[in-house]
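Written below as structure tokens is the structure these notes are about.
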Amino acid sequence: MSSSETKHSPLEQFEIIPLIDIKSGNLDLSVTNSSISMIITVVIITLFITFSVNTRAIVPSRLQLLSELSYDFIAQLLKDTVGNEGRKYFPFVFTIFMFVLIGNMVGMIPYSFTFTSHIIVTFALAAVVFIGVTILGFIKHGFHYFSLFIIPGLPWYMLPLLIPIEVISYLSRPISLSVRLFANMLAGHTLLKVFAGFVVSLGFAGFLPLAFIVALTGLEILIAFLQAYVFAILTCLYINDALHLH
Amino acid sequence: MNNSKNKLKNLKKKIQHYEKNKTDISQNTKNSGASFGFKISTEIVATLVVGVGIGLVVDNYFETSPFGLIIFFILGAFAGLLNIYRVMRRIEKQ
């Protein structure tokens, strides 16, 4: 019990540590613990999908069933929100869903790094969705896409007030999308570490926060799944908005 | 022959039973309180951030400080309320 000697901050887990230094001009391309955990995530997804559907059995094994389940989950989601035209965008939504989900789950392993708890990562993901959806809307509708900002059935004298509001609401999409995922993961992991600190400092009564941590870890796994689901469903809704104007 | 028909019927009942339970579970996860709160709060914060950002840029460009900030802050707040209204309507539909 030497808790007073070294003080560990609950935020220490989010520190980015460069492991291999690579500098190219002004760019810092170092391999950090964040990028390592992203590579691990991508490797896990690739191995999981390729090996689980490799057998192509009619009566699937459990692993194949798992990947079929995740396929079905996203396919159903797209069908429910976008309709049949949404099938084209399945690879995009599935990739984003699996990347966020497995990234969150890799972060749940003790001593690992949660890259979704950094806003720059989630904002980059959300920006890809936002820019992609905007380009998609302009390709499908041309300049008619701007009518997205006009609520149908509105008297003309309300337009100068409501168009800026609609534009702000449209621009806030990537921010709310990224902040939601980032804040959930950051808050959950910080809470876990704070309670872990209580276990040591409370001495014998430490079994109470310890029991709480077990319950909280379960909740964190639920949130990790739920946030990936929310990210995917909002991507689907934005694609729907771009395809079908009002 | 009859036996296998009965088996099939039983299987059908079992599947229907599981299907019913499945929809119940998905309904429960959708209504999780914490995620609902996050959804609403991020909606307000995001629109306010965008509103204030646009306001500051406008002030910088046209040197109208502080009116751009004030106007776009209010517009951002309205946009947040509008977004929340839409989220609520979507939840009500489900």
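Every chain is numbered from 1 and lettered A, B, ... according to where its sequence line falls, protein lines coming before strand lines.
Here B:Thr47 is the residue among B:Thr47, B:Ile74, B:Ile44 with the most heavy-atom pairs under 4.5 Å with chain A. Across A:Leu219, A:Ile168, A:Val179, A:Ile175, the residue that shares the most heavy-atom pairs under 4.5 angstrom with chain B is A:Ile168.
Counting all heavy atoms, side chain and backbone alike, B:Asn83 lies closest to A:Ser169 at OD1-OG, 2.8 Å.
In this structure, B:Tyr85 places its OH atom where only 12 or fewer heavy-atom neighbours from other residues, nucleotides or ligands lie under 6.0 Å away. Heavy-atom neighbours of A:Ile120 CD1 from other residues, nucleotides or ligands within 6.0 Å: at or below the threshold of 12. Counting heavy-atom neighbours within 6.0 Å of B:Phe78 CZ, excluding the residue itself, gives a total of 12 or less. More than 12 heavy atoms of other residues, nucleotides or ligands shown are found within 6.0 angstrom of CZ on A:Phe14. Atom CZ of A:Phe73 sits in a crowded spot, with more than 12 heavy atoms from other residues, nucleotides or ligands closer than 6.0 Å.
For A:Leu234, the part sitting under 4.5 Å from any heavy atom of chain B is the side chain, from C-beta outward, and nothing else. When heavy atoms are compared at a cutoff of 4.5 Å, B:Val49 approaches chain A solely by way of its side chain, counted from C-beta outward. Both the backbone and the side chain of B:Leu75 come within contact range of chain A, judged by heavy atoms closer than 4.5 Å. Looking at A:Leu237, the atoms closer than 4.5 Å to chain B (heavy atoms on both sides) all sit in the side chain, from C-beta outward.
One distance of note links CG of A:Leu171 with CD1 of B:Ile54; it measures 5.5 Å at 0.5 Å rounding. In this structure, B:Leu82 CG and A:Leu162 CG are separated by 7.5 Å, a value rounded to the nearest 0.5 Å.
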